[in-house]
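Right, one structure below, let's go through it.
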Amino acid sequence: MSRPLRDVSPADLVEVLPAALDGTGPAVSVGVGGNVPDEVALVVRTSGSTGQPRDVMLTAAALRASAQASAQRLAGTGTWLLALPVTHIAGVQVLVRSLLAGTTPVVLGPFGPERFAAVRIQGPSYCSLVPTQLLRLLDDPAATETLRGFSAVLVGGAGMPAGLAARSRTAGVNIVMTYGATETCGGAVYDGRPLDGVEVAINGGRIEMAGPVLAHGYLGQDDQAFTERAGRRWFTTSDLGRTTPDGCLEVLGRSDDMIITGGVNVAPAAVEKALVEVPGVREVVVVGVDDPRWGQAVGAVVVAGRAGPPTLDDLRAHITAHLGAPAAPRHLVVVDALPVLGPGKPDRRAAAVLVAAHACQTGPER
């Protein structure tokens, strides 16, 4: 059996979502129509950070399980601030959590520190942000003061620089670093630990997840990322990870982002984490570009800090000392803002185009 899938505008999603979840109305999506299995309530398109975007079918049961597990981990429900687009899972989940808690979300509108600073919410309150948003808010004293008032600030959707997390906590902001995917109804791991009912495994270096939050599958596409083992359904992500000695999940970056330079594997996430420690680096994306000598060369796209951009020698010296010479960038491109996808994921393909153009103009720098 199937039910109709209604294509709605982002503005209308909050109005039609209740009927989609309780089964009295059609399933809904922003930008997708057609028909879906009866149990599917919502279809959400991925950001397309790896290949073509995919339309993920989410059931009402999975969305409820995710929202309930989140409320349990956060020690209760409250009023949510919607600061992310509802065309992506993090924004959708603000609506779902609010609906199931019986509260009305506060809609921020176009994001900006001044607008954020003016938000006033009484009682327990929560918001979800991506790291680039958090960085902008911490640069604004009034917005930082508003951040401190939230019971918890969930941060996900992209890699979280260690320095940014420490800066947030020093400022008195209660951040919760989340990890998940559209296929897991958004964040399923909070501060390295799975939500109740969620299981995490590392298989061949890849992060896998199981539990009631898993999607039904992809609309009109194969479901090879979903497998069953010993009667339990698993989703295999494109992310690499490991379990720390204290039992937490550490995300090491995407398997398809790995740079092979001179026969050495270089993880961009590790280089990015180290580069944000360099004076003059405010934000950074690290990518690999074709190189006739090395196969691939490491390139860094950097947003400079207030004191001005670093030099390529600065970056190379720091990375050589911390990660070894093969991981040191051979190209540096300074930009006003990083290219992003969706709610704030770095657009690595666009960054690679910038580095490749720079390499064509200058040739190999090292």
Shared hydrophobic cluster, Leu81 / Val155 (ILVMFWY, side-chain heavy atoms < 4.5 Å): yes

So does Glu199 pair up with Arg229, basic N to acidic O under 4.0 Å? no

Sub-4.5 Å side-chain heavy-atom contact between Leu154 and Trp80: yes

Note, Glu145 side chain near Arg148 side chain (heavy atom, < 4.5 Å): yes

Has the side chain of Ser151 got a donor or acceptor atom that lies under 3.5 Å from a matching backbone atom of Ser125? yes

Out of curiosity, Glu228 CD to Trp234 CH2, how far, rounded to the nearest 0.5 Å? 12.0 Å

Okay, side chain of Arg64, backbone of Leu21: is any donor-acceptor separation there less than 3.5 Å? yes

Quick one: does Arg54's side chain get under 4.5 Å of Thr182's, heavy atoms only? no

Leu13 to Val28 - nearest heavy-atom pair and separation: CD1-CG2, 3.8 Å

Within the 4.5 Å heavy-atom criterion, are Pro212 and Gln68 side-chain neighbours or not? no

Backbone N or O of Val30 within a donor-acceptor pair of the Ser9 side chain at under 3.5 Å? no

For Val36 versus Met57, what's the shortest heavy-atom pair and its separation? CG1-SD, 4.1 Å

Test of understanding: clusters of I, L, V, M, F, W, Y form through side-chain heavy atoms closer than 4.5 Å, transitively. Do Val153 and Ile121 belong to the same one? yes

Residue pair Val94 / Leu84, side-chain heavy-atom distance below 4.5 Å: no

Shared hydrophobic cluster, Val287 / Met258 (ILVMFWY, side-chain heavy atoms < 4.5 Å): no

Give the minimum heavy-atom separation between Pro268 and Asp257, together with the two atoms involved. CG-O, 3.1 Å

Is Asp139 salt-bridged to Arg167, cutoff N-O under 4.0 Å? yes

Give the minimum heavy-atom separation between Gly288 and Ala352, together with the two atoms involved. O-CB, 4.4 Å

From Ile202 atom CD1 to Leu252 atom CG, the distance as rounded to the nearest 0.5 Å: 8.0 Å

Between Glu208 and Thr236, does any side-chain donor sit less than 3.5 Å from a side-chain acceptor? yes

Compare all side-chain heavy atoms of Leu95 with those of Leu99 and state whether any distance is below 4.5 angstrom. no

Minimum heavy-atom separation for Val86 and Val92, please, with both atom names. O-CG2, 3.1 Å

So how far is it from Cys248 SG to Met177 CE, rounded to the nearest 0.5 Å? 9.5 Å

Rounded to the nearest 0.5 Å, what separation is found between the CG atom of Leu58 and the CG atom of Leu214? 10.5 Å

Thr146/Arg120 under side-chain contact (heavy atoms from CB on, under 4.5 Å): CA gap, chis, key distance, verdict: CA-CA 8 Å; Thr146 297; Arg120 297 292 182 268; 3.8 Å; yes

Rounded to the nearest 0.5 Å, the CG atom of Leu240 sits from the CD atom of Glu250 at a distance of 11.5 Å

Output, in order, the C-alpha distance, side-chain angles, deciding distance and verdict of side-chain contact (heavy atoms from CB on, under 4.5 Å) for Ser29 and Asp55. CA-CA 9 Å; Ser29 179; Asp55 297 318; 5.9 Å; no

Treating His318 as the side-chain partner and Glu277 as the backbone partner, does any N or O pair qualify as donor plus acceptor under 3.5 Å? no

Main chain of Pro326, side chain of Thr261: is a donor-acceptor contact present, judged purely on distance under 3.5 Å? no

Value for OG1 (Thr87) from CZ (Arg45), rounded to nearest 0.5 Å, stands at 10.5 Å

Can Val286 be reached from Val335 by stepping across I, L, V, M, F, W or Y side chains whose heavy atoms are under 4.5 Å apart? no

Expected output: side-chain Gln133 to main-chain Ala83 donor-acceptor under 3.5 Å: yes

Using side-chain contact (heavy atoms from CB on, under 4.5 Å), reason through Val107 and Val14 one step at a time and then give a plain yes or no. CA-CA 11 Å; Val107 180; Val14 67; over 6 Å; no

Run the salt-bridge test on Arg330 and Asp291 with the 4.0 Å N-O cut-off and return the result as yes or no. no

Residues Gly280 and Pro310: closest non-hydrogen pair is O-CD, 3.4 Å

Go through the steps for Arg97 and Thr77 under the test side-chain contact (heavy atoms from CB on, under 4.5 Å), then give the verdict. CA-CA 8 Å; Arg97 292 168 187 149; Thr77 59; over 6 Å; no

Can you find a side-chain donor-acceptor pair between Gln93 and Ser66 that sits under 3.5 Å? yes

Can you tell me if Thr184 uses its side chain to pair, donor with acceptor, with the backbone of Ala181 under 3.5 Å? yes

Treating Ile, Leu, Val, Met, Phe, Trp and Tyr as nodes and any side-chain heavy-atom pair under 4.5 angstrom as an edge, say whether Val96 and Val176 lie in one connected cluster. yes

Would you say Arg306 has more than 12 foreign heavy atoms packed within less than 6.0 Å of its CZ? no

Donor-acceptor contact below 3.5 Å, side chain Arg73 vs main chain Pro194: yes

Tell me if a side-chain donor or acceptor on Arg348 pairs with a main-chain N or O of Val285 at a distance below 3.5 Å. no

Within-4.5 Å side-chain heavy-atom neighbours: Val266 and Leu323: no

Leu129 side chain reached by Phe150 side chain, heavy atoms, under 4.5 Å: no

Donor-acceptor check, side chain of Gln296 to backbone of Ile260, threshold 3.5 angstrom: yes or no? yes

Quick one: sort the Phe226 and Phe235 rings into parallel, tilted or perpendicular, breaks at 30° and 60°. tilted

Is it true that the side chains of Thr311 and Asp313 contain a donor and an acceptor less than 3.5 Å apart? no

